[in-house]
Amino acid sequence: MNYESNIYRNIGLNIRKYRLIKGFSQEKLSELLDAISKFIGHVERCERCISLKKLIQLSKILEIPLEALVVVE
């Protein structure tokens, strides 16, 4: 796995982690982002890359710092 893929993998894992903590379904979180219903599922499985704009919106929706979404754990 290359560096970029690894970053997107970690972003997907972190989105899933914080989404579950907040009790959101993938569809609900996609709706709150004003994205197609399957968007979050695609991002969590690394099938789509998420934009910085959407990451910023997610951090606000999930009430976490932006850095929490990109940190490698």
*Check the pair Ile50, Leu58 against side-chain contact (heavy atoms from CB on, under 4.5 Å), reporting the backbone distance first and the verdict last.*
CA-CA 10 Å; Ile50 189 167; Leu58 266 179; 3.7 Å; yes

*Please report the shortest heavy-atom distance between Ser30 and Ile40, naming the atom on each side.*
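For Ser30 versus Ile40, the nearest heavy atoms are OG-N, 3.1 Å.
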
_To check you understand the geometry: which heavy-atom pair defines the closest contact between Asn14 and Val71, and what is its length?_
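Here Asn14 and Val71 meet closest at ND2-O, 2.8 Å.
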
*Taking it one step at a time, do Leu62 and Phe24 satisfy side-chain contact (heavy atoms from CB on, under 4.5 Å)?*
CA-CA 9 Å; Leu62 297 171; Phe24 291 132; 3.9 Å; yes

*asked:* With clusters defined by side-chain heavy atoms of hydrophobic residues (ILVMFWY) lying less than 4.5 Å apart, directly or transitively, does Leu13 cluster with Ile61?
replied: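 Each belongs to a different hydrophobic cluster.
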
*Please answer: with hydrophobic residues joined when any side-chain heavy atoms are less than 4.5 Å apart, are Leu20 and Phe39 in the same cluster?*
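They do not share one cluster, since no chain of ILVMFWY contacts under 4.5 Å joins Leu20 to Phe39.
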
*salt bridge (Lys or Arg N to Asp or Glu O under 4.0 Å) against Glu4, all qualifying residues, sequence neighbours excluded*: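 Checked Glu4 against salt bridge (Lys or Arg N to Asp or Glu O under 4.0 Å); zero matches.
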
*asked:* Arg19: which residues meet the salt bridge (Lys or Arg N to Asp or Glu O under 4.0 Å) condition with it, sequence neighbours left out?
replied: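 Result, salt bridge (Lys or Arg N to Asp or Glu O under 4.0 Å) vs Arg19: Glu44.
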
*Asn10 (side chain) donor-acceptor with Asn6 (main chain) under 3.5 angstrom*: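 Such a contact is found between Asn10 side chain and Asn6 backbone.
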
_Within the structure provided, determine whether Gln26 and Arg16 are in side-chain contact (heavy-atom separation under 4.5 Å)._
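Sidechains of Arg16 and Gln26: no contact.
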
*asked:* Any heavy-atom pair between the side chains of Ile36 and Arg48 that's under 4.5 Å?
replied: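 Sidechains of Ile36 and Arg48: in contact.
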
Calculate, to the nearest 0.5 Å, the distance between atoms [atom1] and [atom2] belonging to [X] and [Y] respectively.
| X | Y | atom1 | atom2 | answer |
| --- | --- | --- | --- | --- |
| Glu63 | Lys22 | CD | NZ | 3.5 Å |
| Ser59 | Ile15 | OG | CD1 | 10.5 Å |
| Lys60 | Leu32 | NZ | CG | 14.0 Å |
| Cys49 | Tyr8 | SG | OH | 4.5 Å |
| Arg45 | Lys38 | CZ | NZ | 8.0 Å |
| Ile56 | Lys54 | CD1 | NZ | 12.0 Å |

*Assess whether atom NZ of Lys28 is packed by more than 12 heavy atoms of other residues, nucleotides or ligands within 6.0 Å.*
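12 or below, so no.
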
